[in-house]
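Below you'll find the structure I mean.
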Amino acid sequence: MTRNTPISQVEVEEELLRLMDLLESETEAFETLSTDAAKKEAKYKADWAKSYLSAKGSIKEREAWADYQMNDENYDYKISEALVKAKREKLLSLRTSIDALRTLNANVRAQV
């Protein structure tokens with residue numbers, strides 16, 4: 001976006017309010033994703049242990065069997081973990097934008 005006029009304090013404050021609302025909704029989404037990921041991790045680990053303990057053979061064979069049996073659950077867990085990481089990055093980006101706007105707001109206020 002190209003700006004032809006100086007940014008006003010009102011515009012900065014409106015953008016700050018918009019980003020603060022977005023930060024709140026993204027934080028709530030992060031909580032949901034984190035809870036889901038924790039549940040998937042707990043289920044995966046418990047089921048993996050059951051599979052491992054019920055398998056026969058050497059330690060390596062039992063581990064391989066448990067990994068094979070839990071492939072789908074492991075995939076679900078890894079995807080949920082990736083979603084949490086992506087949402088965390090979104091939150092960090094929003095916080096950085098808010099900090100930048102606060103600095104800009106202070107500069108604009110000083111010029112008025």
### Query
Rounded to the nearest 0.5 Å, what separation is found between the CD atom of Gln9 and the CG atom of Leu104?
10.0 Å
### Query
What are the two closest heavy atoms between Lys40 and Asp76, and how far apart are they?
CD-O, 3.9 Å
### Query
Below 4.0 angstrom, N of the basic side chain to O of the carboxylate: do Glu41 and Lys45 qualify?
yes
### Summary
Shortest non-hydrogen pair, Ser51 vs Ala66, comes out as OG-CA, 3.4 Å
### Message
If I take atom CG from residue Leu94 and atom CG from residue Leu22, how far apart are they, to the nearest 0.5 angstrom?
### Response
4.5 Å
### Task
Working to the nearest 0.5 Å, report the span between OG of Ser80 and NZ of Lys85.
10.5 Å
### Task
Evaluate whether atom CG of Leu53 has more than 12 neighbouring non-hydrogen atoms of other residues, nucleotides or ligands under 6.0 angstrom away.
yes
### Shared hydrophobic cluster for Ile7 and Met20 (ILVMFWY, side-chain gaps under 4.5 Å)
yes
### Query
Can you tell me if CD on Glu31 sees more than 12 non-hydrogen neighbours from other groups inside 6.0 Å?
no
### Message
Do Leu83 and Tyr44 land in one hydrophobic cluster if side-chain heavy atoms of ILVMFWY residues count as linked below 4.5 Å?
### Response
no
### Task
Flag the pair Glu13 / Leu17 as yes when at least one side-chain heavy-atom distance between them is below 4.5 Å, and no otherwise.
no
### Query
Cut-off 3.5 Å, side chains only: do Asp67 and Trp48 have a donor facing an acceptor?
yes
#### Entry: Thr35 vs Phe30 side-chain heavy atoms within contact, under 4.5 Å
no
### Task
Please round to the nearest 0.5 Å and tell me the distance separating atom OG of Ser97 and atom CZ of Arg18.
8.5 Å
### Message
So, taking the atom named OG in Ser8 and the one named CG in Asn105, what distance separates them when rounded to the nearest 0.5 Å?
### Response
9.5 Å
### Query
Hey, are Arg102 and Asp99 close enough for a salt bridge, meaning a charged N less than 4.0 Å from a carboxylate O?
yes
### Short N-O contact, Asp47 and Lys43, less than 4.0 angstrom
yes
### Task
Look at Lys87 together with Glu26 and state whether they make a salt bridge at an N to O cut-off of under 4.0 Å.
yes
### Distance (rounded to the nearest 0.5 Å) between Met70 CE and Trp65 CH2
9.5 Å
### Side-chain H-bond candidate by donor/acceptor type, Glu81 with Tyr77, under 3.5 Å
yes
### Message
Please check this pair: side chain of Glu15 against backbone of Val12, looking for a donor-acceptor N/O pair closer than 3.5 Å.
### Response
no
### Task
Determine the minimum heavy-atom distance between Ile98 and Leu23, stating which atoms define it.
CD1-CD2, 3.9 Å
